[in-house]
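Read the structure below first, then the notes.
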Amino acid sequence: MNIATGSAGGAETSAPYGTTAPRRRTRIHHLREYKRRGEPWAMLTSYDTYTARIFDQAGIPVLLVGDSAANNVYGYESSLPVTVDEMLPLVRAVAGAAEHSLVVADLPFGSYQASPEQALHTAVMFMKAGAHAVKLEGGRRYAAHVEALVAAGIPVMGHLGFTPQSEHGLGGYRVQGRGDQAETLLADARAVQDAGAFAVVLEMVSSGAAKRVTGELEIPTVGIGAGPECDAQVLVWTDMAGLNTGQTPRFVKRYAEIGNELARAAGEFADDVRSGAFPAKEHSFD
Ligand code: KIV
């Protein structure tokens, strides 16, 4: 059985968060079911074992090993430099720790654009690393790529609107889908759906355009800076939890200040070492 599509899965259900029922692995048919029932769901990025385990246990149904690892793990200025070799170990770590969440691996810049064959070659590597699905940026221009992966049994999440891999740092962050752009966005979304994608991320899209795409598509839309009408919402975990203490985009809501808390803990540790308060007797062996 295909673990992600659950095509032979019969009547099994996935308990969404907030319930006490035992959870099963989230599968693509659950996401379709959530859309049918009008139940919004959350996706978070994750790049390592600990966050994957915590988010999995918190009931996040989908984890994205995003190419935002470029900034958040490797400290690059944009997502462009990150490579397949750098992403694969992160996918292994997240997939190894996530017991219930569906794990989506982002195909990095340069690893799929050349041809559907290149996309398939790269996607296979991520699936072998444990991903249940892959994500790639682009609309009509990449429909053949999506089709090739889906034909090989690889579930694909699309990504439209602001697509960082096509911006090359020159376009700046601009809201997409306003005015005439709404038709283009819808045509791209339909192409990605018709090619067999199971969901599509809409990044920095006007709320009106996102609402229209969400209403017209059968597959779920996953918004980031795309308003409240999408079927699901995604945030980069380091932004939403405040590990990134720098400026974050307006669409980010911060749910914690982990960065400040870590800085406090590190400072206290250093103070204790300097003062001799650590290690104490209980931390030492006779
Ligand atoms: O790489 C990433 O984190 C993403 C999200 C912004 C959707 O693509």
Side-chain angles (χ1 to χ4, degrees), residues 31 40-48 51-52 55 60-84 86-88 90-91 93-94 101-113 122-123 126 131 133-139 142 146 156-169 171-177 185 188-189 192 197-205 210 213-214 219-227 230-241 243-244 246-254:
L31 305 181
W41 48 275
M43 177 162 102
L44 274 177
T45 65
S46 173
Y47 318 105
D48 68 290
T51 58
F55 299 157
I60 301 295
V62 184
L63 298 182
L64 170 68
V65 188
D67 64 353
S68 50
N71 317 75
N72 289 295
V73 175
Y74 294 106
Y76 301 142
E77 299 243 317
S78 77
S79 58
L80 295 197
V82 79
T83 64
V84 170
E86 287 170 323
M87 292 286 293
L88 281 172
L90 313 185
V91 172
V94 172
S101 311
L102 185 118
V103 176
V104 181
D106 226 353
L107 302 189
F109 177 65
S111 74
Y112 65 91
Q113 283 91 345
T122 306
F126 282 106
V134 300
K135 175 167 88 59
L136 59 85
E137 293 183 7
Y142 292 100
V146 174
V156 180
M157 179 179 275
H159 185 152
L160 298 172
F162 179 76
T163 47
Q165 292 184 15
S166 324
E167 299 301 322
H168 305 284
Y173 278 81
R174 285 224 192 96
V175 177
Q176 315 280 314
L185 181 72
D188 280 332
V192 166
F198 71 87
V200 61
V201 169
L202 300 179
E203 181 165 356
M204 283 195 60
V205 166
V213 172
T214 301
I219 60 173
T221 56
V222 188
I224 176 161
C230 294
D231 297 301
Q233 298 289 332
V234 55
L235 283 176
V236 170
W237 92 260
T238 49
D239 290 341
M240 77 90 196
L243 184 64
N244 170 10
Q247 235 198 336
T248 47
R250 169 177 152 185
F251 57 75
V252 172
K253 179 172 174 184
R254 281 168 97 114

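For this chain, numbers begin at 1 and follow the sequence in order. The analysis underlying the following values was restricted to heavy atoms, covering all of them including side chains, and did not include hydrogens, waters or symmetry mates. In listed order, ligands and their atoms are each counted from 1.
A heavy-atom distance below 4.5 Å is found between the side chains of Phe198 and Met157.
Not one N or O on the side chain of Asp106 forms a donor-acceptor pair closer than 3.5 Å with the backbone of Pro108. The closest donor-acceptor contact from the side chain of Ser111 to the backbone of Thr122 lies at 3.5 Å or more, if one exists at all. Between the side chain of Tyr142 and the backbone N or O of Val192, no donor-acceptor pair lies under 3.5 Å. With hydrogens and angles disregarded, a donor-acceptor distance shorter than 3.5 Å links the side chain of Tyr74 to the backbone of Glu86.
Ligand 1 lies under 4.0 Å from heavy atoms of Thr45, Leu64, Gly66, Asp67, Ser68, Asp106, Lys135, His159, Glu203, Ile224, Val236.
With no hydrogens or angles considered, no side-chain donor-acceptor pair links Thr248 and Asp239 at under 3.5 Å.
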